[in-house]
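Here the structure comes first, spelled out in structure tokens, and everything after it is commentary.
Below, read A as the first sequence line, B as the second, and so on, with proteins coming before strands; counting in each chain starts at 1.
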2 protein chains.
Amino acid sequence: MVTINDIAKKAGVAKSTVSRYLNNGSVSLDTRRKIEKIIEETGYSPNNFARSLKAQKTNMIGVMIPRLNSASTNEVLEGIDEMTRKLGYQLIITNSDQNNEREYENIQTLAKQKVEGVIMFARELTPTHIETVSKTQTPFLFIGQKAEGIHSIIHQDYQAGSKIGAYALELGHRHFLYVGVPETDRAVGVDRRQGFIDAVRPVNGTIVEMIETDFSRTSAYQKALKFLPEMEATYVVCATDNIAVAVLKAAKELGYSIPEDFSLSGFGGYEATAYVSPTITTVSYPFREMGIEAVNKLVRLIGKEEVPYISEMSNELVINQSTDFFEKK
Amino acid sequence: MVTINDIAKKAGVAKSTVSRYLNNGSVSLDTRRKIEKIIEETGYSPNNFARSLKAQKTNMIGVMIPRLNSASTNEVLEGIDEMTRKLGYQLIITNSDQNNEREYENIQTLAKQKVEGVIMFARELTPTHIETVSKTQTPFLFIGQKAEGIHSIIHQDYQAGSKIGAYALELGHRHFLYVGVPETDRAVGVDRRQGFIDAVRPVNGTIVEMIETDFSRTSAYQKALKFLPEMEATYVVCATDNIAVAVLKAAKELGYSIPEDFSLSGFGGYEATAYVSPTITTVSYPFREMGIEAVNKLVRLIGKEEVPYISEMSNELVINQSTDFFEKK
DNA sequence: CTATGTAGAGGAACCGGTTCTGTTAAGTAG
DNA sequence: CTACTTAACAGAACCGGTTCCTCTACATAG
């Protein structure tokens, strides 16, 4: 491998001069040209490790994601990718497979790699998470969940829940089934649901039944095959679009028509909701923008600027074909 | 930041001793314990850059992907992720947004980062690609396309096309519409289609019409809205599952029933084909396994082992609801 | 003409590790 | 008791850069 010493020798100058050429300047036109030519010939490119070692700066940003095959995660990632490239950062992505142990591990691995900051897609946050993060000196940003003393960007999940609730009431529905996810995920499992509940409860005679599943389509599908036949609700609120898509599949296979037999909605605004039929009513989240915002915030954090602890992303109700007025039969 | 020097000083030994403690051994039990204790207290962890600088080894593998929101890419990535973790490598993922310029750039960036090897999801391969890759000394592996002199793992696209062709003939279809993608993607745009054509052509009286679109669902959807009304084919072969899903959506909106009005199939075996209705017949590709295989191959390449230039992954016809016998009306 | 400032360049120190060389003390063989 | 090994460790060199310090030559001001 060709190093700065080789260049210096061939150019007949000190390596500090080559370094100056590469960085600040203050090199005469003559030497500048000589060095330029030799670098061209040899195809030299400085060793990043040596650089980082001296500069104590790596130009890397770490991203921790819980799984690779998630539509929402990928959209946020796109935003992150776009923004980090613009700012000249390299991305190191680590995947935890939704496994807490692995997340603790990854937090440390990234810190060891001396990334300048970490964006972590948070699912459930345990005290160990917080502790592990606090131990590292690395700037950290959570996406999707908030935690005391750590910066984060979250969705307005409570408001999203409210929007669905208000909309469903408007349609005349009073009997709901909420297909939720575990409460360990506060944002999705608790806030989103609570927003819905608080929206519909004030109305006399509303009933909200609940069922819990996980984030995978297959589980939701299996459960739906069981609960749908004995369901009395006229509106099924699914905690994510994936769950909604899975429930829809089960419903069709069981012979139900949607929205005639019951209404159905999700959360997220994934592309999939537009490619099934009926298309699914949902609340659209600004994932890509969230990624961009995340990088902006992290960079300011890295620069030791004062940044508000919590940023919230708004969202928007998207009415599709899967929801309709409740009509008394 | 605490360094090996700090540890050495506190333990009253030379830093070489600490280094030996961290690596080989040959440290007395006494000093071993002293060092251990101090490392524990200080939370010291060696600087990877300094290490890599000396060792000329980075333990990093670069991955280049064309886009983040691709189901197939993500499945392969999962395999890669699983395997690299097992082998103790760090993953650097770069995204090119399907832009050739960006791909050239990324090839060089990764080489500069001194990754030990690169796995590149290839779409179209230009001479510049090949040239840029050859210039780097880094072991390279292409996924999805083959190129002279560069190692690669590909799907048996021609065979996949044949399988669909044979199956469609069996069902009695003779008039086909092939919804393809540009030929710049040799594997998908040429081989896959050619496999299909070669399979159906020997039968007298078959007609294959062709239409071209790109890989996005929206484009395929727009095009389908136009070509479906004037189509005479009884079987629509889509070059990817995404295209198939989009055509299905358009078909439904136009009031067609599938497979009654025409049959429809894709390629890939994405999850989405199982969550629309009718479920879509497809050829299932072993994406995850491909990722695992890719890492295995790359690692052997890094180790300077002899490795065959091309590895092929097999695939499997999956018959779903979107295809049925041709019945003369 | 002398004093002062400045551009350009070389040399050395440094970043935080690993590894090679050399030294010492203790153990073992003869 | 002497000669030879060897375990344990210190010290220095090195990896490939950046940066600080110093020196020289030349230009400019007074």
Show your reasoning for whether salt bridge (charged side-chain N to carboxylate O under 4.0 Å, His left out) applies to B:Lys34 and B:Asp30. CA-CA 6 Å; B:Lys34 252 190 298 182; B:Asp30 242 38; 5.9 Å; no

Show your reasoning for whether ring pair (Phe, Tyr, Trp, His ring centres under 6.0 Å) applies to B:Tyr104 and B:His129. CA-CA 6 Å; B:Tyr104 308 149; B:His129 276 110; 4.9 Å; yes

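Of the side-chain N and O atoms in A:Gln56, none sit less than 4.0 angstrom from OP1 or OP2 of C:dC14. Look at A:Ser26 and you won't find any side-chain N or O under 4.0 angstrom from OP1 or OP2 of C:dA9. An OP1 or OP2 oxygen of D:dT18 is reached within less than 4.0 angstrom by a side-chain nitrogen or oxygen of A:Asn23.
Each end of the helix from C:dC1-D:dG30 to C:dG30-D:dC1 gets its own axis, taken as the rotation carrying the C1' atoms of four end pairs onto the next four within a five-pair window, and the two axes meet at 40° to the nearest 10 degrees.
For the residue pair A:Asn69 / B:Glu75, no side-chain donor-acceptor distance below 3.5 Å is found, with atom types taken as modelled. In this model, a donor atom of one side chain and an acceptor atom of the other lie less than 3.5 Å apart for A:Arg123 and A:Asn100.
Contact annotation for A:Ser28: backbone-only contact, meaning every heavy-atom pair under 4.0 Å involves sugar-phosphate atoms and none involves a base. B:Ser16 comes within contact range of at least one nucleobase, with a heavy-atom separation under 4.0 Å. Across all strands shown, A:Thr31 has heavy atoms under 4.0 Å from sugar-phosphate atoms exclusively, and none from any base. Using a 4.0 Å heavy-atom cutoff across all strands shown, B:Tyr21 reaches no nucleic acid atom at all.
In this structure, B:Tyr285 and B:Phe287 have tilted ring planes: the angle between them lies in the 30° to 60° band.
Protein atom CG of B:Leu29 is 14 Å distant from nucleotide atom C1' of D:dA7, rounded to whole Å. To the nearest angstrom, P of C:dC15 lies 14 Å from CD1 of B:Ile4. Between the C1' atom of C:dG17 and the CZ atom of A:Arg51 lies a distance of 20 Å, rounded to the nearest Å. Rounded to a whole Å, the CG atom of B:Asn48 is 14 Å from the P atom of C:dG16. We find that CZ of B:Arg20 is positioned 12 Å from P of C:dT18, with the value rounded to whole Å. Between the P atom of C:dG10 and the CG atom of A:Asn5 lies a distance of 13 Å, rounded to the nearest Å.
We find that B:Lys10 and B:Asp6 are not joined by a salt bridge, their nearest charged nitrogen and carboxylate oxygen being 4.0 Å or further apart.
Judged by distance alone, with hydrogens and angles left aside, A:Lys15 brings a side-chain donor or acceptor within reach of the base of D:dG17, the pair sitting under 3.5 Å. For A:Lys54 against D:dG16, no side-chain N or O and base N or O form a donor-acceptor pair under 3.5 Å.
Where B:Val27 and B:Leu53 each meet DNA chain D at their nearest nucleotide, the meeting point lying more 5' is that of B:Val27.
The closest donor-acceptor contact from the side chain of A:Lys114 to the backbone of A:Met60 lies at 3.5 Å or more, if one exists at all.
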